[in-house]
Q: 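This is the structure I want to talk about, given as structure tokens.
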Amino acid sequence: MLRYVINRVLLMIPTLIAISIIVFLIIQLPPGNYLESYIAELQAQGESVDPQKIAFLRKEYGLDKPMVEQYLYWAWGMLHGDFGYSFEFNLPVSKVIGDRMLLTIIVSGITIVFTWAVAFPIAIYSATHQYSWGDYGLSLLGFLGIAIPNFMLALVMMYLANVWFETSIGGLMDPEFVGKPWTWPKARSVLEHSWIPVIIISAHSTAGMIRRLRANLLDELQKQYVVTARAKGLPPRKVLYKYPLRMALNFFVSDIGSILPHIISGTEITAVVLSLPTAGPMLLNALKSQDMYLAGSFLMFLALMIVVGVLVSDLALMALDPRIRLQGGVTR
Amino acid sequence: MNPPAIAQSARELEHFVSEAPFDATSATRLTPQQERFYLASQWMLMWWKFKRHRLAVVSAIVLLLMYGSALMTEILVPYNLHTRHADFIYASPQSVHLIHEGRLVAPFVYELKKTLNMETLRREYWEDTSRRYPLRYFCSGDPYRFWGLVDMSFHLTCPAEGATLFLLGTDRLGRDVLSRIFYGARISLTIGLIGIALSFVLGIVFGGIAGYFGGLPDLIIQRVIEVIRSFPELPLWMALSAVLPVTWGPLLVYFGITGILALLDWTSLARSVRSKLLALREEDYCTAARLMGARPRRIIARHLLPGFMSHLIASATLSIPGMILGETALSFLGIGLRPPITSWGVLLNEAQNINVVALYPWLMLPVVPVIIVILAFNFFGDGLRDAADPYR
Amino acid sequence: MIARTARFACSLFVALMLACPAGAEEPPMLQPDVAAGKLPPLAGRLPNPPLVVDLKRPNWTQGAYGGEMRMLMAKDRDIRMMVVYGYSRLAGYDEQLRIVPDILEKIVNEGSRVFTLHLRRGHKWSDGQPFTAADFRYYWEDVVNNKELSPFGLPQALMVRNRGPRFEVLNDTTMRYSWDEPNPQFLAALAGPSPLYIYRPAHYMRSFHAKYIGLAKANAQAIVAGSRSWAGLHQKKDEQYRFDNPDLPTLEPWMNTTPLPSTRFVLVRNPYFHRVDASGRQLPYIDRVTVAISEEKLIPAKAGAGDIDLQARYLRFDNYTFLKQNEKRNKYRVQLWEKALGSQIALYPNLNVDDPHWRRLMRDVRFRRSLSLAINRHEINEVVYFGLGKESSNTVLQRSPLYRPEFREAWIGFNLKAANALLDELGLAKRDANGLRLLPDGRPMEVVVDTSGESTEETDVLELVRDSWRKIGIALFSRPSQREVFRKRVYSGKSMMSVWTGLDNGIPTPEMSPRELSPTAQEQLQWPMWGQYYENNRKGGQAPDMAEAIELVELYDAWRVSASDAEREKIWLRMLDIHAQQVFTIGVVTRALQPVVVSNALRNVPTEGIYSWDPGAYFGLYHPDTFWFDPKGRR
């Protein structure tokens, strides 16, 4: 088992290297570079740019070097904790993304917990009361969660929240609390603002999880051992909790691996629309303006989060499911 | 046994002896229903099981209607895609009335009149109830070229002469929203189909190789899958669509976007193919085929795949909503399709600003067909999946 | 900004005021610091003489101190807008668009060749250090003539026929720049929204300069801070326009105290600001400005929700109805200012396009005229601009002294017959089965217009143009692409036509540079290669080979060495006339309107104004330092 763990951790390394190369390539693929988009943007607003300054900056940022050299410079730096330089902010990348990544992790974490808390009971209820009105109703709600494009919802919900509840539009808190230390009013403002993003982001994954969990539970409930247990006279609730639920729990844990990318990605789209101070909006801007080290580092962080998350879920699954342990790691 | 003992117990028991002639197969004969059941092919069984899931059947019908309408859009809707009315910008939806002065009459609309509010710079519309304009049916309206071949102007319903029929209102250039939603269906629905076809092929090929051969190919493909799955989707889409050459015309861009969506979607299919193959390749019939000299491609395609093709189809169907949402999201963010191509995502992109939410909410209606299609595909896929393994 | 005699009187008045210790009122925000001795009292902070601002606008009054002005921007980079709005310049434009001294006390201009600049005595930077000729000398000797900091030499605006000026320091507060030939763009460059900075805070910048702290130390310092060399670090710290260095002293009315990145920037008053009102009270009135960063699409929503006190950027004309609707509820008023663009949207036929057939057509004035005649400007005005715009070619606005009605009206009537006739005359009479005209080589005439795909306004106008061009047998396709790609396509000749805003400066006076009208820069979409030729000093690009374009270049060169206003006016009028006749760019509608949201409590913001980048600096022209909050208003 230890070998499996070490194996998996070691396998992460080539994966991450491959991801970093692909990320870098993709950022470099669109024609032009940061300076060109900077110039174009200024010109779009009627400002002109001193060509001498641009030439100076080009040398300074190393944009005149070949791509391979730029990549190696970045990759090598990353191993030392130096994530490169952000042209947009005139600062090292590490100073720029610190706060944002933290908030991304927090929001994603809350969303996952919310998803769990909501999906679990609903799935159990649905599976045990199959074909009842409750089942149909909850399923419909779940499906709506999947079907409605969440970014569409975001704008409407924000507008309605502003009209009905006087919540200020956008952001995670009222503007006067930004940058100030944590106080009770600030926390309340954050709560007031965060229910919209959390609902929107989690709608999709909650619905998906409910359906998959319900399907799995239904599978389990039809197995022989459940029938036997019932035939032998165990009360239904005990039957449910003691056996099938444990099996379903495995699935639950392993499902994190599949919903994590969706949550992180969904967080971004929603963050852009709602103007949240998480990774999403900054990443999108960096991609648009080709601020390559910033965008690359962001993507690496997000990918790292996902890879680690999947690893953790696989390890947790292994801990929970003896079959996997004993069969040496054939995953689902 | 002693004959007298049997005869004695036969006398003591209540029994019934049939007068009918002896029929050797009576115990094993099937009733007509059972016979049909046991003799039915796999696909028949699947169909019966599918029919039992009523919601799936309804969804299938809805989808059929939608795709069917995409073939005949020009005929179904009152206006062409680009028809605009400079005098009716941001008109609110018109209602069709059936009752006039207490009597039931043919469906009609009132005339839409406009005043310019120079205070708020808003066009205000109201219905002038003095004149009725009955709708025309099977009439001649905006001319178009049907399927690019035949010049026609036949429409199912048109507004009366000199009147307008804006059932869902108009947008900022005075274009009818209902017509545009129908035209948008063409692009949005087909992107899903084409994309899924691509990703189907990719998934089977890669999953097949990984599952059948195992070892090094398996390891490599698994890593590739992991790398792809570890990417946050949105930035990857963004970056990839920024790569599409600008010189491409709208149609090529459309296929490019489809390709991008497919490229990122085949992983789940590949994984399920792989796991199924890993299990199935140890089966005897597979070993037999191998010993008889069949090449791996034949074994996979002819022997292994058909075993779980139904599962694959179900999975594929369930991925279509993801594609449709993906295209909607990309166009919504402005990095997918752009006008003049019209898809639901493009329509929603044009509706994503505060003006629309506060003042012209009917422009958000394209979200309804998106929801319907996604729900329909989900239920349909559910039904297919339930039906996929009819022997359970 | 006021006339000379009045200024003298006021300086006298202020000098008298300064003589009395308990004179003008201190801004309450600074009183504690002054009382504690951390800041010198008012007399010690103002220059002598300060600039007295007494505007003769209707509804303009002296104001009360205090308040916090909230604004919204979409990117961290936009913090530079506070330098634009603050508009504290060596010399700036007044509301009559004349350039008058601002930071400088006096400018002696001899035939636009020799400029003697006089600073105000006792003027200080925002950190209290003196602002003197030493700061100009630092720029001249240690920045712009330093090979490592300026490897590419002097900025364009300081060069006349490729020669820089002679720079002399006459005394502590007087400098002189002299050229052999006139340099009329010098003052305009100093007065620009993104100005030419010919000074630096020397006392601060020295600590990053190798000459003053030694090469080894400078380089070591740079590496620690993440730059490659001391020059890089110096450059990074030196961004007066970017406004991203809170430690950098400034002369603007508010100084930025928040480093990047941030979602909220706080700017506080500059205690050493050089302007006062007529009562001798130091400006600005407003204590603090907060700039919050928000997603661009949300800004109209937030403005409508009352989250801001002053906002124009990122608000579009089509947001007006929504903003108007929420006026009463959220206690603001939304005004419409006139945009100073030559045309809100203009088409730029690319005279340097690759394709020989299209090039021949684009260069033929009859083709351009027919395209212009086939645009139904009235309909576009009604549909997109609510009928509030004015149909026009791409030329100067009525406000400008250079306006002539015939410039605006040239070739803008909607006349399909005449347009068709011109095209027939060009030999394009053959049409295909769909009614499209054919090029001489048989291809149907399909004009592909490149756009940067950013505004629905452009898309809408193109849609309308497409319909009317169809009637003269020309198909229009629009191709949106990312901005850089869009520009590349134009520069390289692959694009045959593009769409953009019209003239940036629609309200020029003869003193302002007519460079937009002449092929002078690669970024000009109608003749990128001719522009590149000029910009790179006749290396690269192509030389203009059209008589009118050559004449435009000659006229521009003549303006650059012109000595009198009369001469300049003649040059301008001739250039505008050429443009009107030649239709090098096709304008559509002008006098487009810009919504400006102003909180009910904010005073001294003009109800009507022009919204222009150069001249005008958006709000800068109207003195935001004199805006003030009325406690009886909303707050």
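Note on naming: letters A, B, ... go to the chains in the order of the sequence lines (proteins, then strands), and numbering restarts at 1 for each one.
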Q: Need one label for B:Leu121: side chain, backbone, both or neither, based on atoms under 4.5 Å from any heavy atom in chain C.
A: both

Q: Answer with side chain, backbone, both or neither: which region of C:Asp318 has an atom nearer than 4.5 Å to a non-hydrogen atom of chain B?
A: both

Q: Using heavy-atom distances under 4.5 Å, tell me whether C:Glu327 contacts chain B through its side chain, its backbone, both, or neither.
A: neither

Q: Check each atom of C:Leu388 against the heavy atoms of chain B and say whether the ones under 4.5 Å are side chain, backbone, both or neither.
A: side chain

Q: At a heavy-atom separation under 4.5 Å, does C:Glu382 approach chain B through its side chain, its backbone, both, or neither?
A: backbone

Q: With a 4.0 Å cut-off, would you call C:Lys488 and C:Asp450 a salt bridge?
A: no

Q: With rounding to the nearest 0.5 Å, note down the distance linking CD1 in C:Ile412 to NZ in C:Lys390.
A: 9.0 Å

Q: Using non-hydrogen atoms and a 4.5 Å limit, figure out which bit of C:Ile380 sits close to chain B: side chain, backbone, both or neither.
A: neither

Q: Is it true that B:Asp171 and B:Arg180 make a salt bridge, defined as a side-chain N closer than 4.0 Å to a carboxylate O?
A: yes

Q: Starting at CG of B:Leu347, measure out to OG1 of B:Thr328 and round the result to the nearest 0.5 Å.
A: 10.0 Å

Q: Could you tell me whether C:Asp460 and B:Arg172 have a side-chain N and a carboxylate O separated by less than 4.0 Å?
A: yes

Q: Answer with side chain, backbone, both or neither: which region of C:Phe317 has an atom nearer than 4.5 Å to a non-hydrogen atom of chain B?
A: side chain

Q: Would you call B:Lys113 and B:Glu111 a salt bridge, taking side-chain N to carboxylate O under 4.0 Å as the test?
A: yes

Q: Between B:Gln352 and chain C, which part of the residue has a heavy atom less than 4.5 Å away: side chain, backbone, both or neither?
A: both

Q: Between B:Phe88 and B:Lys114, is there a side-chain heavy-atom distance shorter than 4.5 Å?
A: no

Q: Please flag which part of B:Arg123 lies under 4.5 Å from any non-hydrogen atom of chain C: side chain, backbone, both or neither.
A: both

Q: Against chain C, label B:Asp87 side chain, backbone, both or neither, depending on which of its atoms sit under 4.5 Å from a heavy atom there.
A: neither

Q: Does this structure show an ion pair linking B:Arg136 with B:Glu161, if we count only N-O contacts that are shorter than 4.0 Å?
A: yes

Q: In terms of heavy-atom pairs under 4.5 Å with chain C, which of B:Val357, B:Leu359, B:Asn355 leads?
A: B:Asn355

